[in-house]
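Inspection log for the structure reproduced underneath, given as structure tokens.
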Number of protein chains: 2
Amino acid sequence: MSDMSSGRPGQRVRLEDVAKLAGVSMKTVSNVVHDYPHVSVKMRERVQAAIDQLGYRPNLTARRLATGRTGMLALAIPEIDQPYFAELARRIGEEAVRRGYRVIVEQTLNDADAERAVIRDREEGLVDGVIFQPAYMDTMEIARLRPGTPLVLLGEAGRPLTADHVMIDNVAAAREAVELLLGQGRTRIAFFGMVHGDPTESTHLRLLGYQEALLAAGVRTGPELVIETDGFAIDDGVAALSAALDAGVRFDALVCRDDLFAMAALKVLDRAGLRVPGDVSVLGWDDTALARYSTPALSSISPGKEAIARMALELLEDRMAGYDGVGRHRIAPHVIIERETTGHPT
Amino acid sequence: MSDMSSGRPGQRVRLEDVAKLAGVSMKTVSNVVHDYPHVSVKMRERVQAAIDQLGYRPNLTARRLATGRTGMLALAIPEIDQPYFAELARRIGEEAVRRGYRVIVEQTLNDADAERAVIRDREEGLVDGVIFQPAYMDTMEIARLRPGTPLVLLGEAGRPLTADHVMIDNVAAAREAVELLLGQGRTRIAFFGMVHGDPTESTHLRLLGYQEALLAAGVRTGPELVIETDGFAIDDGVAALSAALDAGVRFDALVCRDDLFAMAALKVLDRAGLRVPGDVSVLGWDDTALARYSTPALSSISPGKEAIARMALELLEDRMAGYDGVGRHRIAPHVIIERETTGHPT
DNA sequence: CTGAAAGCGCTAACAA
DNA sequence: TTGTTAGCGCTTTCAG
């Protein structure tokens with residue numbers, strides 16, 4: 001319709017170019033760009049026409065410099081390809097977009113230094129806030145390095161409570177899991193997946209809930225029913241559980257630290273000729289795709305990922321809005337999803 | 001050691017503050033920040049001391065405005081929690097970090113408009129380049145909306161070749177898959193997972209390779225051996241395959257469109273009392289966590305995700321460096337990973 | 001080898 | 001309701 005190459009050819013079109021074309025000031029253009037209410041209709045039309053003609057789009061970077069707001073959030077997690085984190089990232093991404101943010105994903109890749117970098121404001125000036133699930137750093141250390149950027153932590157919270165946290169009640173969830181299994185007639189319930197040197201608090205909490213429930217029910221247990229592994233990989237799980245079986249450890253139910261170990265359990269039990277759930281009930285944790293797609297479909301403890309995402313964003317927006325009080329905790333709901341790997345013995 | 005609150009209290013410390021403290025110009029500070037070679041040692045030390053004392057860190061946004069480079073890349077994919085994309089995102093993230101970029105993940109969530117937004121420079125000025133795996137848009141449409149931001153496409157490339165592409169050779173991979181199965185004594189090989197209304201080209205290419213190999217081997221086949229589904233979900237797969245079995249379709253091997261359908265196959269075959277791989281070989285596609293963790297472990301066609309990531313970044317860096325030629329294609333390698341679901345009939 | 005100053009493109013306070 | 005203008009913090013010629 002008109003000359004697209006007028007003005008500074010080869011350059012991006014700027015607010016000023018639009019203003020010039022429309023014969024108005026930059027402020028007026030800015031007003032219509034921002035849908036500022038008090039702009040006369042014909043002014044708005046004229047400016048919009050210029051914008052369309054030139055194909056103007058604001059330079060986000062410049063806007064940021066001027067406003068001091070980046071509109072971006074960082075999500076720092078160990079590995080994006082671990083199903084749980086991938087699913088969480090999706091929810092957080094959705095929730096963030098809903099609130100007008102974009103998210104940059106930071107993989108710490110099991111590197112303690114990478115985690116520290118996140119906390120030491122590596123993101124400073126890049127993002128408005130950070131959602132961080134640490135694997136190595138504890139609350140103490142995070143408190144010490146306490147960054148200037150608003151921060152919300154995911155996962156377990158030790159003391160002191162200097163930062164906001166969102167988590168599920170691991171103890172209660174484990175307790176309920178054991179109660180469910182007990183209610184279905186299981187009597188020798190093992191906990192599978194204490195990883196040697198596990199830096200996370202979660203596993204301990206889960207084990208605690210498991211033990212509490214057993215104790216409360218007056219069911220006898222023993223240390224051999226807590227099955228330890230050398231690492232987080234599936235092969236570690238397979239090796240550990242096979243060894244336990246070979247050593248004569250017997251159980252009719254398995255509460256697994258996560259879905260991955262549950263998958264390992266399915267493998268080992270299959271090889272051992274044990275039926276699931278006929279001989280052994282298997283319960284996973286995290287309710288990931290692994291659980292939904294396996295055969296038999298895995299029952300799993302499902303942390304409310306949407307709720308976690310929503311709560312994290314709420315807390316973060318508070319902080320970004322200036323809230324500067326003490327660290328708050330939010331407990332997201334959880335639910336046990338029963339699929340095919342749990343049930344009464346047959 | 002010294003007064004941290006000097007100057008503009010409560011404000012972030014700026015380059016100028018450092019310059020003032022060190023008694024030098026901003027340029028000099030900038031020089032040492034950037035490790036510019038020609039700075040005298042004592043000057044460097046003096047400035048560094050000031051930087052440390054003030055805890056100065058450059059404002060990335062300001063830097064961006066000045067340089068025009070953001071140091072960020074966008075990765076636009078349908079869903080981050082689909083195992084294949086999660087694993088790809090991890091590789092791309094790693095490769096990007098290696099090259100000095102951060103990546104912002106854009107989920108298009110199966111929304112054609114969201115895809116269009118990506119292409120219409122929604123990211124303009126936000127990122128230096130975009131890596132995009134479309135699910136709905138075809139090459140034509142992308143060419144039409146051709147953005148100003150450097151772009152590399154992942155997945156199939158139709159004509160015209162206006163943009164850079166990285167893909168694997170789906171036809172060849174499917175052919176090899178069939179040849180492998182044939183070599184193991186399978187004779188009735190089905191293709192499982194033609195999704196009605198599938199917008200992607202990949203499935204067609206895979207089917208094509210499947211048919212080519214069968215034809216070349218002179219093995220008779222039939223339309224009933226191409227099993228169609230109503231959607232991409234596992235339930236769609238389960239329903240379709242069950243129906244095929246009920247309808248009397250028989251096969252001794254299944255080449256699946258992706259690992260997810262392979263998981264569906266494992267479920268259905270298990271229920272039907274068919275042994276894998278004794279009665280039926282099952283081959284997945286994408287080599288995701290699903291394949292590695294299932295029981296039996298799923299054999300799968302593995303696209304070289306690291307190679308895809310590397311090639312995509314290479315092409316993108318070229319574009320960002322100013323290359324403006326015709327669209328280029330790169331074929332990433334693939335390999336068939338044999339686990340437990342393929343083998344000779346027994 | 002270092003300093004001064006002019007932008008980068010947009011926002012927002014202040015005027016008109 | 002619209003225009004003017006001074007920053008936001010850093011980079012980068014161009015002098016010195």
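Chain letters run A, B, ... following the sequence lines, proteins first, then strands; residues in each count from 1. On a predicted model such as this, the values are computed, not experimentally measured, just so you know.
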Inset, instruction - Starting from P on D:dT11, measure out to CG on B:Asp35 and report it in whole angstrom. - result: 13 Å
Legend entry - NZ/NE/NH1/NH2 to OD/OE distance under 4.0 Å, A:Glu95 and A:Arg99: yes
Legend entry - A:Thr28 side-chain N/O to D:dG3 phosphate OP1/OP2 under 4.0 Å: yes
Inset, instruction - Mind grabbing the angle between the end helix axes of the helix from C:dC1-D:dG16 to C:dA16-D:dT1? Five pairs an end, 10° rounding. - result: 30°
Legend entry - Residue list, side-chain hydrogen bond (donor to acceptor under 3.5 Å, both in side chains) with A:Gln82, at least two apart or on another chain: none
Legend entry - Sequence-distant partners of A:Glu87, salt bridge (charged side-chain N to carboxylate O under 4.0 Å, His left out), two or more places apart: A:Arg292, A:Lys305
Legend entry - Nearest-nucleotide 5' precedence on DNA chain C, B:Gly23 against B:Leu65: B:Gly23
Legend entry - A:Lys42 bridged to A:Glu45 by N-O distance under 4.0 Å: no
Inset, instruction - Rounded off to whole Å, could you give me the NZ-to-P distance for the A:Lys20 and D:dT2 pair? - result: 20 Å
Legend entry - Any residue meeting salt bridge (charged side-chain N to carboxylate O under 4.0 Å, His left out) with A:Arg330, in chain and number order, not counting sequence neighbours: none
Legend entry - Presence of salt bridge, B:Glu306 and B:Arg310, under 4.0 angstrom: no
Legend entry - Partner set under salt bridge (charged side-chain N to carboxylate O under 4.0 Å, His left out) for A:Asp318, not counting sequence neighbours: A:Arg328
Inset, instruction - Between protein and nucleotides 10-16 of chain C, map the contacts as a letter string: B base, S sugar-phosphate only, - none, heavy atoms under 4.0 Å, written 5' to 3'. - result: BB-B---
Inset, instruction - May I have the distance from B:Leu54 (atom CG) to D:dG9 (atom C1'), rounded to whole angstrom? - result: 15 Å
Legend entry - Side-chain heavy-atom pair A:Thr149, A:Arg319 within 4.5 angstrom cut-off: no
